[in-house]
Asks: 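One structure is given below, represented as structure tokens, and several questions about it will come after.
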Amino acid sequence: MNKPSVTGLINQQHETHRLENLFHKQVGSAYYLPDYGLDWDFFQTQEVEIPVGSFLSYLNQKAMLQGIVVLDQAFEVADFTLIIRSRLLSEEATLSRGI
């Protein structure tokens, strides 16, 4: 008998987990891999508004550096939450983070 997943991603593929981990890590938070993750502090403390398309390009660049191939992305903002739907080379992933 399977236990329910805390994140809802237990039955999804390996690439989705890798992208989710990259998405939720702050650069410099992992001692053993200081360049891993996204620089959330930069995006959340800017006085100028950074377009979502620029953020998606940054996310794609960081994903490619980790060997995660993103084929297509779509986004929406709902209730102060950025929801990104990504189609990876092998599967689909949905990421969200409060803004």
Side-chain angles (χ1 to χ4, degrees):
M1 178 163 90
N2 291 335
K3 293 183 178 180
S5 171
V6 175
T7 63
L9 295 174
I10 198 164
N11 294 324
Q12 297 201 9
Q13 299 294 324
H14 180 67
E15 294 297 312
T16 301
H17 292 293
R18 291 180 61 211
L19 184 62
E20 180 186 29
N21 191 29
L22 177 73
F23 185 76
H24 289 291
K25 286 285 183 209
Q26 170 64 36
V27 168
S29 65
Y31 172 77
Y32 56 89
L33 197 57
D35 292 333
Y36 185 80
L38 303 179
D39 193 356
W40 285 104
D41 292 342
F42 174 79
F43 285 99
Q44 293 178 338
T45 59
Q46 292 299 309
E47 292 181 11
V48 289
E49 183 177 332
I50 297 173
V52 176
S54 297
F55 175 75
L56 292 179
S57 295
Y58 172 70
L59 175 61
N60 288 339
Q61 175 195 13
K62 294 297 250 180
M64 285 299 291
L65 289 173
Q66 297 301 318
I68 304 167
V69 180
V70 179
L71 298 176
D72 187 29
Q73 287 182 323
F75 71 91
E76 64 181 277
V77 177
D79 299 327
F80 298 105
T81 301
L82 174 64
I83 300 169
I84 301 171
R85 297 193 196 313
S86 299
R87 189 164 57 100
L88 307 179
L89 187 61
S90 59
E91 62 222 46
E92 292 190 20
T94 301
L95 308 169
S96 64
R97 184 174 177 104
I99 55 172

Asks: Rounded to the nearest 0.5 Å, how far does CG of Leu19 lie from NE2 of His24?
Replies: 9.0 Å
Asks: Atom CD in Gln61, atom CD in Gln66: separation rounded to 0.5 Å?
Replies: 11.0 Å
Asks: Any donor and acceptor pair, going by atom type alone, linking the side chain of Trp40 with main-chain N or O of Phe23 inside 3.5 Å?
Replies: yes
Asks: I need the full list of salt bridge (Lys or Arg N to Asp or Glu O under 4.0 Å) pairs touching residues 52-81, with sequence neighbours left out, sorted by first then second residue.
Replies: Glu76-Arg85
Asks: Are Val48 and Phe55 in one and the same hydrophobic cluster, where Ile, Leu, Val, Met, Phe, Trp and Tyr link if side-chain heavy atoms are under 4.5 Å apart?
Replies: no
Asks: From Leu82 CG over to Leu56 CG, what is the distance, rounded to the nearest 0.5 angstrom?
Replies: 7.0 Å
Asks: Compare every heavy atom of Val27 with every heavy atom of Gly37, then report the nearest pair and how far apart it is.
Replies: O-CG2, 3.2 Å
Asks: Going hydrophobic residue to hydrophobic residue with side-chain gaps under 4.5 angstrom, can you get from Leu65 over to Ile68?
Replies: no
Asks: Distance from Leu38 atom CG to Lys25 atom NZ, nearest 0.5 Å?
Replies: 11.5 Å
Asks: At what distance, to the nearest 0.5 angstrom, does CD of Gln73 lie from CG of Leu88?
Replies: 8.5 Å
Asks: With the 4.5 Å side-chain cut-off for hydrophobic clustering, are Leu33 and Tyr31 part of the same group?
Replies: no
Asks: Among pairs that include at least one residue of residues 49-59, which meet side chain to side chain donor-acceptor pair (under 3.5 Å), considering only residues two or more places apart or in two chains?
Replies: none
Asks: What's the spacing between Asn21 CG and Thr16 OG1 if we round to 0.5 Å?
Replies: 12.5 Å
